Number of protein chains: 2
Amino acid sequence: MFSVTRKVGSVVLCMLVASFGAEATDETSITRAHLAKNVILIIGDGMDDHQLTIARNYLVGARGKLSLDHLPSRSAVQVLAVDESNPERAVYVADSANSATALATGLVTSRGRVGTSAGADNDIPNLVELAAAAGLKTGIVSTASVTDASPAAFYAHISFRACENPAMMKDALIYDRLRVDCSADLKARGGLGSIAEQLISSPLDLALGGGLRHFQERAEGRDQNLLVVAEEEGFQILQSRTDLQSLATDKKILGLFAPSTLPVRLRGEGGRVAESPEPSLLNHIHWSQGDVEQPAPMRCEPEPEFAGTPSLKQMTDVALSQLSQNAERGFFLMIESASIDKKSHTREACGSIGEVAQLNEALDSALNFVASHPNTLILVTADHGQAAQLVPVESLFAGFNLPVFTPGKLIRIVTPENSILAVNYATNDIFAEEHTGVNVPLLANDQAFGLVPSMLTQSEIFDAIKTYLAL
Amino acid sequence: MFSVTRKVGSVVLCMLVASFGAEATDETSITRAHLAKNVILIIGDGMDDHQLTIARNYLVGARGKLSLDHLPSRSAVQVLAVDESNPERAVYVADSANSATALATGLVTSRGRVGTSAGADNDIPNLVELAAAAGLKTGIVSTASVTDASPAAFYAHISFRACENPAMMKDALIYDRLRVDCSADLKARGGLGSIAEQLISSPLDLALGGGLRHFQERAEGRDQNLLVVAEEEGFQILQSRTDLQSLATDKKILGLFAPSTLPVRLRGEGGRVAESPEPSLLNHIHWSQGDVEQPAPMRCEPEPEFAGTPSLKQMTDVALSQLSQNAERGFFLMIESASIDKKSHTREACGSIGEVAQLNEALDSALNFVASHPNTLILVTADHGQAAQLVPVESLFAGFNLPVFTPGKLIRIVTPENSILAVNYATNDIFAEEHTGVNVPLLANDQAFGLVPSMLTQSEIFDAIKTYLAL
């Protein structure tokens, strides 16, 4: 029995020591006060296991592994939302606003809300505020607008995610249809103003991403636009990849590299997206009759609009360099690859694949940083699930000789290993797919041992970050 | 730095010691020879993260945890298949036959194959054969026919999963359409015969599940049916829950508690399955017009046919009791909850939910067994993904005032916590949904530390079992 007892014993011992290290003992609380600790939270928006499997098969082949697959700690994360009118009631499918709010504040709120509670509309302290108050540097990096819901939840408090700039606070129409009203959050009414205004007044040391247009709007109650206000508040503004590459400053940094979301890296051949299979006339009479033409297989190709856009890795490298300077107490950095989600909404599998690749490269930068800064917790997770499904190219029922096809839309991608990857989008009939409520992965480096269990809620990720940083 | 270095150091030390324990050193090889070690492999057929999230929300609520969520080791598993005509070519969506073959033999093969290689049709040694040869006891438990693809892969070798009994070896029509031809595997032609015949001649000590009808067929080349042959070969036949409960024997056991698949525990109200939303006439003219009637919410209810059926937990308890008797060297037991998959094919979310509950209860039995038999590795995994998606009850685009609905079929379930869970099935237009290619979870007890990485292939699960059992 000895050797096996020893094995089990050592594992238990290891877990105990690991948790011990994460708690404040007399000894560790003394050392921690002198110790910079960093958290790099990498969010793949909509990056559930389907998105990861699809991207992995394309990028490294069916037997390959991405850098994130090598992270030693893996957990599953329950994604929750609640009903705005009855916050006790569970809502099983989240959006980025409420799920990023759970990660950033620990609070489960209703869809569309940013840093505010369902029903009561209370502002809940977020990780940027808590970290800055404890003396840590803070930053956000996103391939979306820096004012988009996921990054916003880490520094802002507003009742509706769409209120990204002063002109969108009331009477703005989104997609020509959706009227939002954040007028209760106007500064004139004692509120904090739009998300862009809140970014400028937040403690953030760095924000890199898209969203220039939101800062070109006039500040509430002033004649200047928000770029001017940001400079007044000590931000250096970057507007191009060249600006980013040549950066040398001690100032706070606001990098805005596109009017709204940054262009993505990959697209379908000639811009093709998922398409409806076309059944023959006979099939319209009875489902078992006729035949069907599936969308032609195609390759992914570079998205021309991406040229000149800083990659997520380039933004990450700058963020890590800037935040780690003179950071006696450490830093908190949130990095988001946003368009895994956005390109899944619009049924563009190649787009999502390229943005998983961008996330994986940003992780490589983080791992490289950790090699020389071991007191750094890396967490990689998703905010919620998405519609895309990896489905068979040849139906399981092909032998039945029936015309089998998805009722939704399908894309068939020729992979570098010369097979075909079929992705189905079929959650609704309109122009944009729905999120799903599936639990999502959480991957982490060895700093997570003893800190992060094998299953947890998004609020518990917030707790783990607070514990690690002793906030 | 001391405290953090100590923490990291201990984790690394622990991993090393754990792997050390799993390798054969001079010391451990001596102790292992006198040590019973057991593996309990629990497979949820089609139990991907969507199935788990749906079941968890229904069974324990959005903030609840199942027993399997408490298992300390979590990994993701890549599910692979290859092309029958070109085994070098990846096929990204598997079926139960090829994926169970990967788990049972380590070999990635083509869909439909059981324990045989793609193209070459070689028989590959499986875990039951390897374990029995090393002196371990072996068993399979399934809520499907014991001759269904997943259990069959652990003891049989045949070119096509449908050849479950002697009458199905040639010219049998499945679903009135699919002709299978396993005549090359007939005993008269030097083959091993049908799956049921191979079960009888396998080294299995125990097989519990459904599939009585396959054993009521006449044995190839004989006048007796397979029940008679099984008794000749030393099996005690059980045919009812009473037989199972009153069992007291040293004989090998074959329990067949239904003609084919066992009835499941839950069903939709009055037997309802997922239904198509019904858009109004105006909506057929343009997608943005008219309105839509969604399927009415409903509750899950007990499936009347389940009455009298042994639960998966009851079968598991008997299997653990039988296999652990006089097992000087230990045992290998595979337990399958099969109808998570089958009820997802037929768009019956309540059915799948009940079978996740059955799996979770079987795990409780395994955990209870481990409390007194610590040298037992418990692994819980799925063979492949399935079609069901947890989708929003209220569309993310509800504010747009459009008629939004799935192009597939939807079921809306009232949960015990009084919310509504919407499940979408939309992978094809025929009578049965497709599998998906998503990576699936692997959960394990502490015996997996150092043995199972955070991401692996199904073949590597086979390797881990062999290593643990020193096969």
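Quick caveat: nothing in here was measured; it's all calculated off a predicted structure.
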How long is the gap from [atom1] on [X] to [atom2] on [Y], to the nearest 0.5 Å?
| X | Y | atom1 | atom2 | answer |
| --- | --- | --- | --- | --- |
| A/Thr415 | B/Arg89 | OG1 | CZ | 8.0 Å |
| B/Asp48 | A/His50 | CG | NE2 | 6.0 Å |
| A/Met455 | B/Leu52 | CE | CG | 8.0 Å |
| B/Asn428 | A/Leu402 | CG | CG | 9.5 Å |
| B/Gln386 | A/Gln389 | CD | CD | 9.5 Å |

Part of [X] lying under 4.5 Å from any heavy atom of chain A:
| X | value |
| --- | --- |
| B/Pro392 | both |
| B/Ala94 | backbone |
| B/Glu434 | both |
| B/Leu456 | backbone |
| B/Val393 | neither |
| B/Pro403 | backbone |
| B/Val438 | both |
| B/His384 | neither |

Contacting region of A/Pro441 [heavy-atom separation from chain B under 4.5 Å] | neither
Between B/Gly408 and A/Pro407, the two heavy atoms sitting closest are CA-CG, 3.9 Å
Please name the pair of heavy atoms, one in A/Phe397 and one in B/Glu433, separated by the smallest distance, quoted to 0.1 Å.
->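 Shortest heavy-atom separation between A/Phe397 and B/Glu433 comes out as CE1-O, 3.4 Å.
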May I ask you to decide if A/Ala90's main-chain N or O and B/Ser419's side chain share a donor-acceptor pair within less than 3.5 Å?
->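 Checking the backbone N and O of A/Ala90 against the side chain of B/Ser419, a donor-acceptor pair under 3.5 Å is found.
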Flag the one option from [options] with the top tally of heavy-atom pairs under 4.5 Å to chain B.
| options | answer |
| --- | --- |
| A/Asn424, A/Leu443, A/Val404 | A/Val404 |
| A/Glu417, A/His70, A/Arg56, A/Glu88 | A/Arg56 |
| A/Val91, A/Val292, A/Thr427 | A/Thr427 |

For the interface with chain A, which of [options] has the highest count of heavy-atom pairs at distances below 4.5 Å?
| options | value |
| --- | --- |
| B/Ile420, B/Leu71, B/Thr457 | B/Ile420 |
| B/Thr436, B/Leu396, B/Leu421, B/Thr406 | B/Leu396 |
| B/Pro279, B/Ser73, B/Gly437, B/Gly112 | B/Gly437 |
| B/Gly399, B/Ala76, B/Ser75 | B/Ala76 |
| B/Phe405, B/Tyr92, B/Trp287 | B/Tyr92 |

Please say whether more than 12 non-hydrogen atoms of neighbouring residues, nucleotides or ligands are located less than 6.0 Å from CG in B/Asn401.
->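 Counting neighbours around CG of B/Asn401, 12 or fewer heavy atoms of other residues, nucleotides or ligands fall under 6.0 Å, so no.
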Just do the side chain to side chain contact (heavy atoms under 4.5 Å, CB included) check on A/Phe400 and B/Ile430 with the steps written out, would you?
-> CA-CA 11 Å; A/Phe400 290 44; B/Ile430 65 167; over 6 Å; no
